[in-house]
Every structure is written in C-alpha cells, then in structure tokens.
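Heads up: numbering here begins at 1 and tracks the sequence. None of the values given here were measured: they were computed from a predicted structure.
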Amino acid sequence: MRYFLYFIISLIPIGLTGQNTHSIAREWMDTMLNMVKEDGQGPTIHARNFFHVTAAMHDAWAAYDAKQNTYFLGKENNNKTIVFNPKFKRLSKNTDSLRRIAISYAAFRLLKYRYDNYSSKGRTMDLLINTFNKHNFRISNTATNYEDGSPEALGNYIAEQIIIFGQSDGSKEENNHESEKYFQKNDNLMPENPGAEGLKSPNHWQPIYINKYLLKKGSDQSLKDWNHLLVEGNVDFLTPFWGEVSSFALPTASKEGVVHFNPGNPPHINTDNQEETEAYRWGFSLVQKLSSKLDSKDSQLWNIAPRGITSLKEHLPVSLEDYMVYYKNVANNKRPPQVKNPITHKNYPKNKVKQGDYCRVIAEFWVDGPNTTSPPGHWLEFLNKVSYHPDFKRQWHGKGKSLSQLEWDVKSYFLMSGTLHDAAIACWSAKGHYDYVRPISAIRYLASLGQASNPNLPNYNRSGLKLEKGLVELVTEQDALVGENKEHLNKIKIYNWKGPDAINNPFTDAAGVGWILAENWWPYQRYTFATPPFAGYTSGHSTFSIASATLLTYLSGSPYFPDGLETFTAEKNEFLGFENGPSETVTLQWATFYDAAIETCLSRVWGGIHPPVDDIEGRRTGLKVAENAIEFSKTFFK
C-alpha cells in the first residue's frame with residue numbers, strides 16, 4: 001500500500017502537489033516566515049531556527065543523491081557524529097516525491113519542537129499544523145528508522161538529530177536562551193524621568209523600563225509579542241552569550257570570550273584621551289542632530305532614485321574625520337550621478353520626496369521588530385522575490401546549468417540562512433563583549449554634563465554637548481522651557497523630534513520637531529519599544545543586511561534586483577505606525593541589493609538606535625561573514 005501511494009505521488013507533476021508552483025521548501029520557508037511574525041523571539045533565535053530548519057531540508061534533499069554533501073547527516077558537529085547510512089532503501093524511483101515527504105517531516109518536527117514552548121504557541125502552531133495537514137501528512141507518524149526506506153522516518157530522524165545537536169550548541173536552549181552570567185553595569189533607565197538616571201557607566205548598555213508608557217497608552221500588541229523578555233516593562237539583554245553558539249562556517253571556533261572578526265573598541269567617554277571622548281560625543285550628537293530632520297512639515301525635497309551601488313568596496317570611514325565627511329553626505333543626501341538600469345538601459349528617473357517623510361519611512365520600514373519577519377526574515381523574503389521572478393534563471397552564481405526550483409530553493413535557503421546565523425553570532429559576540437551604550441542613554445548623559453563649547457558660559461563641562469545655534473543651545477530666562485521656577489535655566493535644549501509625549505493618538509497625530517530639553521531626548525521609535533533589548537555595538541541590522549546583500553549578489557551572479565529595480569510604497573497618512581504619516585506617498589526604490597542594505601544601515605542611525613560606529617563596524621563584519629560563507633560554499637556544494 002505504501003509503495004502504491006508513492007507511485008501515485010510520483011505521477012503528479014512536481015510543483016502541482018502543493019496547490020501552487022512553489023517548491024515544498026518554499027512552502028516551509030513561507031510557513032516559518034509567518035510563524036516569526038506571530039512569535040516574540042529575538043533576531044538571534046530566529047536566525048538559528050532558520051539555519052537549522054533549512055539545514056534539515058537540505059540534508060533531506062541531499063540524502064537521496066550520493067554526489068551531494070550533507071551538513072549534519074554523517075558529519076561531526078560539537079565533537080559528535082550524526083550516524084547516517086547513505087545506502088538506505090528507496091521505496092520509489094521518483095526521488096523528488098520522496099524528498100518532498102522527507103523535507104516536510106524534517107521541517108515540521110524541528111519547528112514543532114522549537115516553537116512548542118514559546119509564548120505565542122497557539123498562533124504559531126496553527127500555522128505549522130495547517131501546512132502539514134494540507135499535504136495529508138500524519139502527525140502521529142514519529143518513526144525514525146529511515147533505513148527501511150520511509151521518507152517520513154528520514155525526515156523525523158534528521159529533525160531528531162538536529163534537536164539533540166541544538167541542546168548542546170551553546171544557545172542555552174534548555175534555559176529558554178537566557179544567560180546566567182551577564183550582569184548589567186547600569187541600573188534601569190526610566191525614560192519618563194529626565195536625564196540618564198541609573199547610568200553609572202556611560203560606556204555600557206542600560207536596560208530600559210517603560211512602565212509609564214504601558215500605563216499611559218494601555219495594552220500594545222507589539223509589546224505583548226515581546227512578553228517573554230519583559231518583567232513589568234523591563235527588558236533584559238537578549239542572548240549576550242551568542243558568540244558561543246556553534247556556527248555555520250565561521251573560521252574561528254565559537255566559545256566564551258571569542259569576538260568573531262573583532263572590530264575593536266568603540267569610542268569611550270571619560271578617559272584620559274580627549275580625542276576618544278570627542279569621537280564618542282560626535283557620534284551620539286550626530287544621531288541627535290539627525291532627529292531634527294524628522295519633521296512631517298519639512299518640505300526639503302530629496303531625490304531618492306536608486307544609487308546603483310554594486311559593491312561594498314567603496315571607502316568606509318576609519319578616522320573621525322572620515323566619519324564626519326561620510327555622514328555629512330548622508331545628512332545632505334549627496335549621491336553619485338544618475339545611473340542606468342541594466343535591464344532597460346535607461347537612467348533611473350528622479351524620485352523626489354520630502355526629506356522628513358523619507359527618513360521617517362525608512363526608519364519604520366526597516367525596523368523589523370515585533371510583528372515582522374525580523375531582520376533575517378526580511379532578507380529571506382528578498383531571496384524569494386529574486387528566486388521566483390519570472391525572468392530569473394536559477395544558475396548558481398549566475399553560471400552553469402539551470403537548477404530545478406527545489407534544488408535552487410534548498411541550496412539557496414541553506415546558504416543564506418547559514419550566513420544569517422553566522423552574522424548573528426559574529427555581531428552578538430561583539431555586543432556581549434563590548435556591552436556598548438545606546439543613544440537614548442548616551443545623549444541624555446552628555447546633556448546632563450553640560451555644554452562643552454565655552455568655559456565662560458554657564459553649565460560648562462568639557463565632556464558635555466557642543467553648542468550649535470539652532471540645534472543645541474542653553475535655556476535662557478526668557479525661554480518657554482525655563483520652567484515656572486526657572487528650574488531649567490542654563491540646561492541644554494535641542495531642536496529635535498519631540499517624542500511620544502507629543503502624540504496622543506498615533507493614527508492622527510505627528511509629534512513634529514521643536515525645542516525640547518535634551519535630558520528628555522527620545523529616539524524615533526514606538527513608545528513601547530524605545531530601544532532594542534541588547535547592547536548597540538555592532539549594529540545587527542548592518543551586519544545582517546551587508547552579509548545578505550553580498551550573498552545575494554553571489555548567488556544570483558548579479559548585484560541587481562530582477563528588472564533592475566525593487567520598490568516599496570508607503571501610502572500617505574497610512575504607512576507610519578509611530579505617528580501619523582507620511583504626509584505624501586513615498587516609494588522606496590533600490591536598484592541593487594547593496595542599495596537596500598545601505599539604506600537599512602542608515603535607517604537605524606536616522607531612527608536613533610545606533611551611532612555611526614555601530615553601523616560602519618557592523619557593515620565590515622557583515623561583509624567578512626558573507627565572504628567566509630561563500631568560500632565555504634565553494635567546497636561544500638557540488
């Protein structure tokens with residue numbers, strides 16, 4: 001009877017068994033992406049799940065071809081070899097039908113185990129079971145003796161072995177990925193209170209306690225979806241030990257104390273080195289000053305047509321002077337001359353939008369926080385867009401024979417997810433080691449020190465903020481901010497995005513920009529999610545995005561999106577979620593993967609999440625991660 005069923009399946013054209021033209025690997029990838037949207041885990045955990053599930057699918061596919069390498073089956077990981085007999089029995093000559101079943105059981109069993117105990121179990125389990133049931137697979141079949149030829153058992157066996165591997169891969173899965181060794185150096189910041197109270201060490205990360213905004217705004221779905229990280233509004237450091245997790249292909253062994261592709265120390269304040277203090281102050285001050293441009297009424301027009309960046313080999317800043325020049329060009333939207341679309345051979349037309357709308361849109365589009373597919377998932381969605389474009393030729397690195405949709409999906413998902421997993425490990429190894437401060441703490445702290453421009457003026461401290469007319473000034477007696485009892489006299493005021501206290505209803509109100517006390521500075525973020533729950537240096541968005549852009553360029557054989565253009569339209573007064581807007585419809589455009597990646601990197605500076613050093617060193621790390629993964633793939637794939 002079983003052989004008869006496999007025979008019937010083998011007669012069904014591949015691609016029609018799942019109600020659409022997607023491969024079975026794509027179906028499971030889409031399921032995972034939807035589960036991530038419903039789940040509250042952080043990007044490191046999502047990246048690990050993507051990697052392990054796509055590795056399981058890859059091995060289920062490769063097991064049926066002796067010419068293909070497996071990653072887990074028959075290989076040593078964590079000093080343990082996963083036993084595998086490559087001469088197991090086949091029940092059908094149609095290997096694609098067997099692969100389809102083995103892939104599905106491997107993905108289902110592994111995902112069910114990983115998500116069964118998570119806070120959003122109900123929502124994610126429904127998605128998972130629906131995909132499994134759609135193909136009439138049997139949940140009750142948990143056999144693992146694959147040598148008798150059962151593809152169900154092969155899938156179950158692969159999942160079982162990866163589950164065992166994951167229990168000792170350094171991720172602390174048995175402890176819900178929570179650290180027992182990390183001790184925060186600063187007390188919690190309560191952003192409703194002025195200043196950076198609790199910041200004992202201004203060079204280190206400070207947890208955020210957002211109780212006022214929970215009470216003020218009531219329940220918020222985005223916050224609920226991070227409830228596994230919350231204790232009465234307090235968010236702990238997400239996986240500070242992640243540099244110890246077993247990697248996909250990193251050249252250095254993952255263990256305690258290792259910083260992969262070590263970027264070196266970020267700038268510190270209160271040292272004997274005033275040049276370093278100046279670099280610290282400049283970086284965080286830039287974030288504050290860029291916030292002054294997040295104005296719905298700012299009518300300055302920027303041309304945001306694609307830049308056509310085809311490589312990251314362009315000069316990245318090293319010295320403070322380099323950084324100043326680089327980000328001055330960013331703040332002024334200085335772009336290279338118009339470039340041509342390689343498909344149409346015509347210049348990309350100008351795309352002029354209000355600067356205040358554009359910067360707010362990219363800050364929100366690329367946020368990839370709760371209720372999204374996360375930063376790793378966002379780039380896997382881009383991979384799907386490339387792979388399923390009607391004109392895309394599935395040639396590895398743009399060369400050689402065209403692969404079947406299933407082979408392409410299995411291999412590209414595996415390599416992309418492995419790279420994203422390594423990006424998370426490398427980035428978080430720096431986050432956990434350097435434990436660097438976020439702008440919300442650093443900017444408030446600098447303001448509390450005073451002004452550093454003129455020792456003859458009140459409130460002078462050489463390590464404080466530099467005064468700049470129209471942007472950073474002292475509160476005078478005639479100032480509206482001075483207070484009833486002049487309690488704010490001579491404090492620092494800044495011209496800035498005014499923050500969540502200026503918004504009563506985010507569907508109708510926009511905070512706009514104006515003068516506020518610097519001690520009350522707030523990043524352009526949702527009021528219940530002021531800053532991600534982990535240290536800043538290096539930027540996860542920068543690391544993930546540059547690694548992904550580099551890998552997509554390699555996989556497809558071209559740095560360009562299909563058609564030479566990818567877009568996203570943010571509708572007028574509908575798209576923004578932090579406040580009402582944009583004031584006009586904005587269409588984001590990217591010619592190349594690097595166009596999109598660099599916009600992602602910069603969005604985190606505009607959004608008040610990272611200073612420039614977090615961004616740039618994250619880019620460097622991402623490039624190294626991808627280049628290393630590509631070199632590994634050249635010997636792995638046959």
cation_pi(K172, F241) dist<6.0 Å, angle<=45: yes
Spell out, as yes or no, whether a donor-acceptor pair under 3.5 Å connects the side chain of [X] to the backbone of [Y].
X    : Y    : answer
H541 : P375 : no
K491 : L474 : no
K431 : T538 : yes
N496 : S291 : no
R619 : T543 : no
E579 : A511 : yes
N333 : N303 : yes
D595 : A591 : yes
S448 : Y445 : yes
N461 : G450 : no

Pair [X], [Y]: side-chain N/O donor-acceptor within cut-off below 3.5 Å:
X    : Y    : answer
Y280 : N203 : no
D322 : S319 : yes
T239 : T44  : yes

Atom pair [atom1]/[atom2] of [X] and [Y] - distance to nearest 0.5 Å:
X    : Y    : atom1 : atom2 : result
E566 : F593 : CD    : CZ    : 9.0 Å
D357 : L294 : CG    : CG    : 10.5 Å
T419 : Y554 : OG1   : OH    : 10.5 Å
E381 : S374 : CD    : OG    : 9.0 Å
N628 : L623 : CG    : CG    : 11.0 Å
H421 : F544 : NE2   : CZ    : 10.5 Å

Sidechain N-carboxylate O distance under 4.0 Å for E627, K624: no
Is D169 salt-bridged to R48, cutoff N-O under 4.0 Å? yes
Ring-plane angle category for W379 and W366, please: parallel below 30°, perpendicular beyond 60°, tilted otherwise.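 The rings of W379 and W366 lie parallel, inter-plane angle below 30°.
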Students often mix this up, so state it plainly: with edges at 30° and 60°, are the rings of F284 and Y436 parallel, tilted or perpendicular?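 Tilted: the ring planes of F284 and Y436 meet at 30° to 60°.
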Closest contact, heavy atoms only, [X] versus [Y]:
X    : Y    : value
L238 : P43  : CD2-CD, 3.8 Å
G608 : V287 : CA-CG1, 3.5 Å
N270 : T277 : N-OG1, 3.7 Å
A447 : I492 : O-CG1, 3.9 Å
N332 : W302 : C-CZ2, 4.3 Å

Do other residues, nucleotides or ligands put more than 12 heavy atoms under 6.0 Å from the [atom1] atom of [X]?
X    : atom1 : value
E278 : CD    : yes
E275 : CD    : no
K185 : NZ    : yes

Donor-acceptor pairs under 3.5 Å, side chain of residues 257-268 to any protein atom, not counting sequence neighbours: which ones?
| from | atom 1 | to | atom 2 | distance (Å) |
| --- | --- | --- | --- | --- |
| H260 | NE2 | G243 | O | 3.3 |
| N262 | OD1 | G264 | N | 2.9 |
| N262 | OD1 | Y434 | OH | 2.5 |

Flag the pair F365 / W590 as yes when their ring centroid distance falls below 6.0 Å, and as no otherwise. yes
How about F632 and F248: are their ring centroids closer than 6.0 Å?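 When the ring centroids of F632 and F248 are compared, they turn out to be within the sub-6.0 Å range.
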Within the structure provided, determine whether V613 and W282 are in side-chain contact (heavy-atom separation under 4.5 Å). no
For S542, what residues pass the side-chain hydrogen bond (donor to acceptor under 3.5 Å, both in side chains) criterion, not counting sequence neighbours?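 Result, side-chain hydrogen bond (donor to acceptor under 3.5 Å, both in side chains) vs S542: S539, D615.
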